[in-house]
> 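The structure under discussion is supplied below as structure tokens; questions concerning it will follow.
Computed from a predicted structure; not experimentally measured.
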Amino acid sequence: MTVFCGIDWAERHHDIALVDDTGTLLAKARISDDAAGYGKLLDLLAEHGDSPSDPIPVAIETNHGLLVAALRAGNRKVFAINPLAAARYRDRHSVSRKKSDPGDALVLANILRTDMHAHRPLPADSELAQAITVLARAQQDAVWSRQQIANQVRSLLREYYPAALHAFQGKEDGLTRPDARVVLTLAPTPARAAKLTLAQLRAALKRSGRTRSFDSETERLRGIFRSEYARQLPAVEEAFGHQLLALLKQLDAACQAADDLAAAVDEAFRQHADSEILLSFPGLGPLLGARVLAEIGDDRNRFADARALKSYAGSAPITRASGKKRYVGRRFVKNNRLMNAGFLWSFSALQASPGANAHYRRRREHGDWHNAAQRHLLNRFLGQLHHCLQTRQPFDEQLAFAPLALSPEVSGAQR
């Protein structure tokens, strides 16, 4: 007898349902979200034939958390069912739109009983790959948080302190630069900035870690801060200064978190066996390579072929056909983190790879917009990456973009 398990998870408790291959409900239970509850679940599974050699498959509407980690400790197949798909399955059994947690667990168990072949189990990634996933996503979140706070600082400075924007906004990294944060902390208002001496500015630049061009930079900053700009009333200006100092503390913390996580990502990524292959691709550095690895994992059986990887990333086009209408366009359901990393990868590759640049230009001449041409280039890179990971060989420019890389017209255009 084949048994299937469905789990409707919640923050404090989880509902369990076990069914056999005929759809008969064998057992149901509610467990707590702690070690005792996880133990009760494993005992319930064992009572119905669960064993290390033949584990009972489990369906659940999440792919992370301690419960999922406990279920994946062995070789058990855990299926993360999309909540929208589970809701559609619920309508197959009842049109009254009734809903309950035990009922949802039963629906999930029946999904595996009837359509397990149509769903994919969670990939069997290595421990190191899972750690890289956590670090890479955390670092990406820290970068997004840093930029969000920097945007708040920029909007605030536009209200009362245009000199600060003039001084730092045009430079690389803008307001997230260490010297910008140190100087603005020292002079959070235009009135205080106008009183700064060359010695004070020089000391602030040294504290920020700057190592050269002190004289020219201090002269430039003093000239900007002492120029004429529109000003708020003194008391209002001072109030804005207090708000800026509060935001700068958050920005300092976000910048430090992003830098610390970047160092941790770099260290973990270089320990992985796939890192050398990923770094062989043009446009991929340690951080971007780690983000790609974090989303595709190192389970080589996860994607049946290159097209499956392209579809997962969202770079492969999708066809919608009905009657006389047929439309081929981009995918909206995809791994957004992988697509974000992919766009950065394909954009960086334009400068690092003549073949990638030629491929992009050919797509633009064909009529693609910039984003479509980049997505097409990413689609090609992902196919090459799938091949290189499967065959354990590094990227080869001549093979990847032949005959584009060898074309005389392309070579002339590159010059």
> Taking Arg226 for its side chain and Ala194 for its backbone only, find out whether a donor-acceptor pair lies under 3.5 Å.
yes
> Determine whether the aromatic ring centres of His366 and His376 lie less than 6.0 Å apart.
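No.
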> Could I get the full list of ring-ring contact (aromatic ring centres under 6.0 Å, His included) partners for Phe395, not counting sequence neighbours?
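If we apply the ring-ring contact (aromatic ring centres under 6.0 Å, His included) test to Phe395, skipping adjacent residues, the hits are Phe281.
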> Could you list the residues that satisfy side chain to side chain contact (heavy atoms under 4.5 Å, CB included) with Asp91, not counting sequence neighbours?
none
> Would Arg331 pass as a cation-pi partner of Tyr312, given that its NZ or CZ must be under 6.0 Å from the six-membered ring centre and within 45 degrees of the axis?
no
> Among Arg337, Arg146, Arg291, which residue meets the salt bridge (Lys or Arg N to Asp or Glu O under 4.0 Å) test with Asp141?
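For Asp141, the salt bridge (Lys or Arg N to Asp or Glu O under 4.0 Å) test succeeds with only one of Arg337, Arg146, Arg291, which is Arg337.
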> Rounded to the nearest 0.5 Å, how far apart are CG of Asn336 and CD of Glu295?
10.0 Å
> Report the residues that fulfil salt bridge (charged side-chain N to carboxylate O under 4.0 Å, His left out) with Asp274, sequence neighbours left out, ordered by chain and then residue number.
Arg300, Arg392
> State which residues pass salt bridge (charged side-chain N to carboxylate O under 4.0 Å, His left out) with Asp50; sequence neighbours excluded, sorted by chain then number.
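Per chain and number, Asp50 pairs via salt bridge (charged side-chain N to carboxylate O under 4.0 Å, His left out) with Arg76.
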> Go through the structure and list residues passing ring-ring contact (aromatic ring centres under 6.0 Å, His included) with His370, not counting sequence neighbours.
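His370 satisfies ring-ring contact (aromatic ring centres under 6.0 Å, His included) with Tyr360 only.
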> Could you work out, with ring-ring contact (aromatic ring centres under 6.0 Å, His included) as the rule, every residue matching Phe168, not counting sequence neighbours?
none
> Would you say the side chains of Gln140 and Asn340 form a donor-acceptor pair under 3.5 Å?
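Yes - a donor-acceptor pair under 3.5 Å links their side chains.
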